[in-house]
Amino acid sequence: MGMMKDFKAFALKGNVIDLAVAVIIGAAFGAIVSSLVDDVITPLLLAPALKFAHLDNIDQLTGVRKVWEIYSAVIKLSLLLLYCSF
């Protein structure tokens, strides 16, 4: 019974509305970050990785393994850049 009473007090304080607003803002911010990564950051990091692999276009890759190798190289490069920025 004590837990139900505490939940009722929590819900009536207005904290639930604050939580709902935070979830909506978080979802919108997640969409913005996803768009930024997909449209700006990934192409900037993918270009040097493709150049290093002696490829002109990502469509030249054959097989899932080569795609994964390029993707892992991009991730390692991005982690290195993040580490060096501090």
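Quick caveat, the model's predicted, so the values are computed rather than measured. Values below: all heavy atoms of this structure, side chains included; hydrogens, waters and symmetry mates excluded.
Take V40 and apply the side-chain contact (heavy atoms from CB on, under 4.5 Å) test, not counting sequence neighbours, and it matches L36, L44. Qualifying side chain to side chain donor-acceptor pair (under 3.5 Å) partners for S34, counting only residues two or more places apart in sequence or in other chains: none. Contacts of D38 classified as side chain to side chain donor-acceptor pair (under 3.5 Å), with partners at least two apart in sequence or in another chain: none.
Cluster annotation: V37 and F29 are assigned to the same hydrophobic cluster (Ile/Leu/Val/Met/Phe/Trp/Tyr, side-chain heavy-atom contacts under 4.5 Å, transitive).
Counting only distance, with no hydrogens or angles, the side chain of S78 and the backbone of I75 share a donor-acceptor pair below 3.5 Å.
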